[in-house]
Protein chains: 2
Amino acid sequence: MESSSTTPGGSARREATRQKLYEAAVTLIAEQGFSATTVDEIAERAGVAKGTVYYNFASKSVLFEELLRHGVGLLTASLREAAERTVREGGTRVDALDAMIRAGLVFIDRYPAFTQLYVAELWRTNRAWNSTLLVVRQQAVAVVEGVLHEGVANGEFSEEIDVPLTAAALVGMVLVAALDWKSFQPGRSLDDVHAALSRLLQGRVSGRR
Amino acid sequence: MESSSTTPGGSARREATRQKLYEAAVTLIAEQGFSATTVDEIAERAGVAKGTVYYNFASKSVLFEELLRHGVGLLTASLREAAERTVREGGTRVDALDAMIRAGLVFIDRYPAFTQLYVAELWRTNRAWNSTLLVVRQQAVAVVEGVLHEGVANGEFSEEIDVPLTAAALVGMVLVAALDWKSFQPGRSLDDVHAALSRLLQGRVSGRR
DNA sequence: CAATTTGAACTGACTGGTCAGTGCAAAAAC
DNA sequence: GTTTTTGCACTGACCAGTCAGTTCAAATTG
């Protein structure tokens, strides 16, 4: 009897090629931007012929869009997992936010190029992949918004907070601080950076000691 | 070659042309990115012949670099002014940070395209104008760092805060929240957005009412 | 077992188009 | 009469996307 034959999603070989192309594309586009990165460069970095890029992806833009979706999927899964685990283990929503900050830092630590690219392309308008970008942005922020909403509902947060704006601000805080960390103080430990952001989150900036 | 600005012979007419080119370039590059924007487009949008672009700027990259410097000069002047005015009028350093948040929002409200472009290009590496970018980034963050340092020195802030990281986080918070505001909730008033960010800054997120 | 067939995956030279930057003579502005 | 702008043709490099041909592992056959 036939085992579960050709899995929907392509052969293992093909999947490996696509993965190599993602990895090549993400660093090049993070460094240079989408338009300045050529398909030839991506193929060369991936150790693959140019035609292979077009065998696996309909176009340069499509490769990029799928890369975005792939990366954001990883990020949101990680954020969601951190928040859920914290709450499940009896933590408060502030604890959950803190756990998400850490999860965000861990992600950025592991995939700095993707983060760079995400920030750089996120607010572009008039681009072909605009709708993808919208979805992909909302996905990440929505996880934070969810925790904020829960906190407001259970009285842990003030009802006066502006959920979407606060979520965006928190995401921005982590993104920019982390990019700065990676770009200008790469020696710092993740715990160190996390501690600094925790302090800011919990308003423990003011006041001596 | 005397390409530097503030040339003795810099006529008012020439300055006006350069200004038109800045304005055309900033919106186009914000929308499309540097590489995807052509010199022909910039010239057309500015209502000027292509040759004029090259009469006024050595190259497309140089035009962009001078544009960056010009815009960041405006931003930092505004931030510095806000902080100094607050302190001069007897405000605390927290008040100064708050005033800088507002000044940042006012700037972004007035020059959204520049802000977009700034964020998009700020963490690019391997680009011709890398050194310019470094200067330009440090300029904006340094103003915030200055206020944090003063606050630590006079005991208003904990000595444990990580000044560079906290400054970057604050800048990120404002940038991302503001871009979100402009992109997705443009109806909101500046005061509204400012209030939400103030609350976050002062740790008044937790706790009922 | 080989030997052969099949087809998905991959290759890289090639094409058609785009674009930064040049050159220059003439007009306009100052 | 000097500076600045115009208009436009031109070049050379670069690049996204194509396509006819190749590879190779697994399936089929004898």
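All figures in this text were calculated on a predicted structure; none of them were measured in a lab. Quick note on labels: first sequence line is chain A, next is B, and so on, each numbered from 1.
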| message | Walk along nucleotides 17-25 of chain D from 5' to 3' and tag each nucleotide B, S or - by protein heavy-atom contact under 4.0 Å, base first, then sugar-phosphate. | response | BB-------
Would you be so kind as to tabulate the donor-acceptor pairs closer than 3.5 Å made by side chains of residues 171-184 of chain A, with sequence neighbours excluded?
from, atom 1, to, atom 2, distance (Å)
Asp180(A), OD1, Arg137(B), NH1, 2.5
Asp180(A), OD2, Arg137(B), NH1, 3.1
Trp181(A), NE1, Arg188(A), O, 3.0
Lys182(A), NZ, Asp109(A), OD1, 2.5
Ser183(A), OG, Leu179(A), O, 2.8

Listed pairs under 3.5 Å, donor-acceptor, residues 51-64 of chain A side chains, sequence neighbours left out:
from, atom 1, to, atom 2, distance (Å)
Thr52(A), OG1, Ala49(A), O, 3.4
Asn56(A), OD1, Arg14(A), NE, 3.1
Asn56(A), ND2, Thr52(A), O, 2.9
Ser59(A), OG, Ser61(A), N, 3.4
Ser59(A), OG, Val62(A), N, 3.2
Lys60(A), NZ, Phe34(A), O, 3.0
Lys60(A), NZ, Thr37(A), O, 2.7

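Remark: C1' of dA8(C) and CD of Glu15(A) are 15 Å apart, rounded to the nearest angstrom. Distance, Glu44(B) CD to dG7(D) P: 12 Å, rounded to whole Å. Rounded to an integer number of Å, the gap from Phe64(B) CZ to dG21(C) C1' is 19 Å. Taking atom CG of residue Leu28(B) and atom C1' of nucleotide dA20(C), one finds them 16 Å apart after rounding to whole Å. For the pair Glu41(A) CD and dC14(D) P, the interatomic distance rounds to 11 Å; values are reported in whole Å.
In terms of modelled atom types and a separation under 3.5 Å, the side chain of Ser78(A) and the main chain of Leu74(A) share no donor-acceptor contact.
Note on Val53(A): nothing from the nucleic acid sits closer than 4.0 angstrom, heavy atoms only.
A close approach under 4.0 Å does not occur between any side-chain nitrogen or oxygen of Asn56(A) and OP1 or OP2 of dA8(C). Here Thr52(B) does not reach the OP1 or OP2 of dT4(D): none of its side-chain N or O atoms lies under 4.0 Å away. Between dC10(C) and Tyr55(A), no contact under 4.0 Å exists linking OP1 or OP2 to a side-chain N or O. Under 4.0 angstrom from either OP1 or OP2 of dT18(C) there lies no side-chain N or O belonging to Thr38(B).
With no hydrogens or angles considered, no side-chain donor-acceptor pair links Thr86(A) and Asp95(A) at under 3.5 Å.
In this pair, Phe107(A) and Tyr111(A) present their aromatic rings tilted. The plane angle is within the 30 to 60° band.
Salt-bridge annotation for Arg18(A) and Glu66(A): present, with a side-chain N of the basic residue lying under 4.0 Å from a carboxylate O of the acidic one.
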